[in-house]
Amino acid sequence: MAVRNLDGIFQPRSILVVGPERIGKAACDLFFANLARSGYRGKVTLAGIAAPEGWTGGVAASLADISEKADLAVVLCGGSAAVEVIERLGALRIKAALFLSRGYDEWSFATSRLALQTARKHGLRLIGPGSLGVMSLHGALDLSLAARPAKKGDLALVSRSAAVINSTLAWAEANGVGFSSVVSLGQKVDVDVGDLLDHFTADYKTRAVLVHLESIWSPSKFLSAARACARTKPVIVLRSGTSRDKRMIGNTHSSRLATVDWVYDAAFRRAGLVRVDSIDELFDAAETITRVKPSPSRKVAVVANGRSLATIVADHLDHSGGSMAEISAETIESLASLVRYGRDAGNPLVLADDADASVFGTAIEAVLADPGVEAVMVLHAPSAFADTTAVATKVAEIAAAQAKKIGRRKPVMASFLDLSEEADRILHASGVPCHPTPEEAVRSFGHLVRYVAAQERLTAIPEPLPAEFRPDPDAARAVVAAALAEDREWLSPVAVRDLLAAYDIPVLPTVLAADPREAADAARPHLKENRRVVLKIASREIAFKSDVDGVRLGLESEEEVAEAACEMLERIRARFPDKVIDGVIVMPMVEKRFGIELVAGIADDFVFGPVVVFGQGGTSVEVVGDRALDLVPLDMNLAHAMIAETRVSKLMAGYRNRPPVDEEAVALTLCKLSQLACDIPEIRELDLNPIVADHEGVVCLDARVRIAPITQRAGQIGHPRLAIRPYPKEWERETALKDGREVQMRPIRPEDEALYPDFFSEVTPEDLRLRFFAPIKDFSHAFLAKLTQLDYERAIAFAAIEKETGKLLGVVRLHADPDHITGEYAILLRSNLKGQGLGWKLMKLMIEWAKADGLSAVKGEVLRENRTMIQMCEALGFSVKSSPDDESIALVILPIAAVADAASLPGE
């Protein structure tokens with residue numbers, strides 16, 4: 001239900017407190033004290049609970065005696081009566097209910113399900129049970145059992161845990177940190193982190209969102225909300241509970257490498273979130289990221305009045321994702337007179353211990369002006385010969401001037417080891433993150449680097465897959481369907497070969513031999529080519545061949561092959577008489593002088609669905625633990641990023657006489673696995689181990705694939721387990737304009753950004769004004785990224801591409817609201833295409849999507865002067881009325897339920 005009725009929690013005009021209380025007198029007294037202190041001015045009525053001393057609000061004997069509607073109910077009566085209370089609150093048309101508890105309270109599964117069903121029937125939102133409460137500081141509202149008051153500020157804090165809320169508020173009070181809102185979620189029967197991220201995305205009083213969580217149960221909703229929020233403001237997440245995570249249960253290396261926390265980490269990165277490991281880091285990251293204008297800031301210049309302090313920063317910088325900037329010779333020459341006696345100017349720049357404010361100012365301004373510097377870190381140690389406050393004032397002045405610059409702004413950060421309250425106030429007022437130690441300053445800088453990297457990932461244009469990659473999903477589905485029909489859990493070696501071939505994943509010729517004679521026959525063609533062969537045991541019930549000594553390498557004759565097969569089959573059948581042994585696998589031996597063994601595969605996470613795994617391969621893959629993983633679907637950017645996360649990537653880069661590995665081929669293999677996981681949801685585990693990669697490409701030497709039937713919910717489209725909706729290829733269409741031009745209509749892809757400059761050049765300024773309601777001149781990457789990088793879970797844009805030229809002719813967009821009830825559309829065509837029928841075709845395709853996606857209505861805002869658009873909307877069945885806010889704007893609305901199908905809509 002996303003943001004529906006959440007205003008009843010954060011801006012209630014009236015509150016109902018429902019008893020009888022089960023939280024104890026001390027907690028009840030604390031609740032009313034916090035409410036009174038917050039200064040809430042709305043109406044508060046008590047139902048079935050004793051009024052505290054001096055109470056002036058309304059009082060009723062029980063909930064049954066209440067007949068007036070309220071926005072929010074605070075329920076103190078426990079879980080035994082939860083469903084009954086929710087039914088009554090729903091009948092009163094109350095927007096939201098907060099189930100308050102002094103400690104974690106949990107309802108049974110049956111109670112939770114019935115409570116949620118009852119609440120949704122009435123549109124009632126639930127916080128809890130087991131919630132410590134809610135604070136809305138700008139709404140003068142504290143409905144909590146928090147041990148500490150919260151100061152008004154611009155950070156939103158969300159946590160399941162009451163203990164984390166109390167601990168965080170205590171830390172914030174000691175450090176002068178303020179909040180816009182604080183929410184304790186408890187059991188999360190209804191409202192969860194995804195809902196609140198959607199709410200805070202639109203809350204202009206919230207500058208950053210701090211999230212503590214342990215688990216997620218609505219991954220698609222969470223990732224969509226997190227990505228939307230992270231595009232507008234920093235979202236910083238602390239996940240606890242890793243010690244209680246259950247290990248992935250699987251029979252492949254990929255599944256065993258994809259531990260729960262690694263998958264969560266991949267999900268956070270994919271959503272553009274910054275992850276931290278402690279409460280103080282949570283606020284440290286928020287302070288740095290919100291004070292400093294995010295920009296690429298990895299190359300740092302250090303200005304210090306102590307050599308050891310500067311060395312500490314230089315020692316730790318690499319671990320935070322930064323590097324020491326290379327300062328130009330001109331800058332070094334200009335700074336020569338400022339450095340400590342006996343030292344050369346450079347980076348770090350070590351000033352004399354008595355360097356005053358003017359010396360620091362000159363040095364900082366000089367390095368800021370250097371083109372090789374992206375950020376400056378100022379370190380100040382106590383000195384009997386320099387005024388700390390004066391130095392802080394100078395640093396603050398320079399930082400303030402940087403913040404006002406037009407164009408590229410370079411962040412200034414500081415560590416004052418003698419930080420006084422006055423110096424801290426001065427630096428804080430100018431937006432300079434300041435820390436008491438160099439180590440903390442570097443850690444803080446690392447948060448900024450990761451945030452900028454997250455933003456870059458969110459808006460990066462992915463490299464398109466090669467045009468020659470044309471998978472055959474029908475052939476792959478046939479392989480899997482045949483195996484499922486045989487009630488197989490593991491694909492046979494031949495079936496694995498055919499499955500991988502359908503996705504152009506290079507694999508060695510593979511033959512399954514039932515006995516030694518067949519093994520020798522299968523080896524003969526390879527031996528004739530003077531190639532040695534490999535023999536492997538084939539059993540659907542043996543997970544790892546090396547565990548049972550089931551591999552023989554370098555066999556050079558048919559006799560050796562037959563003998564090895566005989567020995568292997570007899571030994572393993574005797575050792576495992578209860579296991580099905582299918583025979584042996586025969587394949588040629590790969591002997592690559594510069595080859596590196598890698599592992600790649602698919603694991604199925606319980607929460608986030610299929611993930612792609614990559615790392616250093618071989619039999620010791622789990623012991624080495626060198627791996628990276630990401631959620632499906634992948635693009636080439638994400639695949640290269642995965643490779644860069646691993647240690648084996650350094651070997652892949654080449655060294656001494658070893659040429660670098662063809663990384664493009666490795667990344668493409670990861671993308672092929674991702675596409676395979678998207679297309680064939682029956683694949684639950686897949687191992688390619690090892691893959692041998694060198695400068696000539698990649699080849700898979702061994703593979704295992706586990707499959708299982710899927711359960712498809714009625715009315716659901718696509719893969720039932722994907723947390724991120726992939727490119728909807730099934731919505732590609734072919735059509736023609738009135739003049740005969742052939743056109744492909746398809747969903748927008750991120751790489752389509754390159755088509756927009758030419759497209760906009762063929763749209764008149766007047767048509768742009770009618771579309772955007774204002775003159776548009778800035779077609780920056782950030783602007784175009786918003787048009788092309790879509791979360792298909794919430795938005796779609798259909799592009800019309802001229803097949804002959806590849807030019808973009810027009811686009812229609814539809815963006816669903818967070819509740820996924822209505823969608824807002826917009827359309828724009830090349831100005832010379834009016835009258836060709838393209839607008840009608842795009843609008844009808846958009847309406848078809850809205851119906852399939854379950855939206856109840858499509859709406860739009862159209863300038864009254866845009867008569868062409870209004871007439872088309874009327875012809876398509878839209879109602880037209882004036883906007884209540886602006887008579888010059890028409891609101892057009894189409895009830896989707898009234899549309900039988902797109903074909904029933906009128907033509908032009």
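These numbers come from the heavy atoms of this one structure, side chains and all, not from hydrogens, waters or symmetry mates.
- The environment of CZ in Arg409 is crowded: more than 12 heavy-atom neighbours from other residues, nucleotides or ligands sit within 6.0 Å.
- Among all heavy-atom pairs drawn from Ile94 and Asp71, the shortest one is CG2-O, 3.7 Å.
- Proximity of Asn34 to Leu145: side-chain heavy atoms (C-beta onward) are nowhere separated by under 4.5 Å.
- With respect to Asp195 and Arg4, no salt bridge is recorded, no charged nitrogen being found less than 4.0 Å from a carboxylate O.
- Remark: the His212 side chain and the Ser161 side chain contain no N/O donor-acceptor pair separated by less than 3.5 Å.
- Looking at heavy atoms from C-beta onward, Ile127 lies out of side-chain contact with Leu100 at the 4.5 angstrom threshold.
- Between Leu46 and Pro52, the shortest heavy-atom contact is CD1-CD, 3.9 Å.
- In the displayed structure, Glu439 atom CD is contacted under 6.0 Å by more than 12 heavy atoms of other residues, nucleotides or ligands.
- Relative orientation of the Phe179 and Phe283 rings is perpendicular, given thresholds of 30° and 60° on the angle between their planes.
- Ring geometry for Phe606 versus Trp217: interplanar angle over 60°, hence perpendicular rather than tilted (30 to 60°).
- Checking Thr201 against Asp198 by side-chain atom types alone, no donor-acceptor pair falls below 3.5 Å.
- Counting only N and O atoms by type, the side chains of Glu87 and His122 include a donor and acceptor under 3.5 Å apart.
- Looking at Ser444 and His435, their side chains do bring a donor and an acceptor atom within 3.5 Å of each other.
- Side-chain contact check for His820 versus Asp853: some heavy-atom pair is nearer than 4.5 Å.
- Judged by a 6.0 Å distance limit and a 45° cone about the ring axis, Arg275 is not positioned over the six-membered ring of Phe268.
- If you check the side chains of Asp261 and Thr259, you find no donor sitting under 3.5 Å from an acceptor.
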Dump the intermediate steps for side-chain contact (heavy atoms from CB on, under 4.5 Å) on Leu891 and Glu861, then the final yes or no. CA-CA 5 Å; Leu891 297 180; Glu861 293 185 339; 3.6 Å; yes
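- For the pair Ile23 and Cys28, the tightest heavy-atom approach, listed with the atom from each and the gap, is CD1-N, 3.9 Å.
- The ring of Phe10 has its center closer than 6.0 angstrom to the ring center of Phe200.
- Taking the salt bridge (Lys or Arg N to Asp or Glu O under 4.0 Å) definition, one finds that Arg113 meets it with nothing, sequence neighbours left out.
- Between the side chain of Asp817 and the backbone N or O of Ile821 there is at least one donor-acceptor pair closer than 3.5 Å.
- Of all heavy-atom pairs spanning Ser159 and Ile165, the tightest one is CB-CD1, 3.7 Å.
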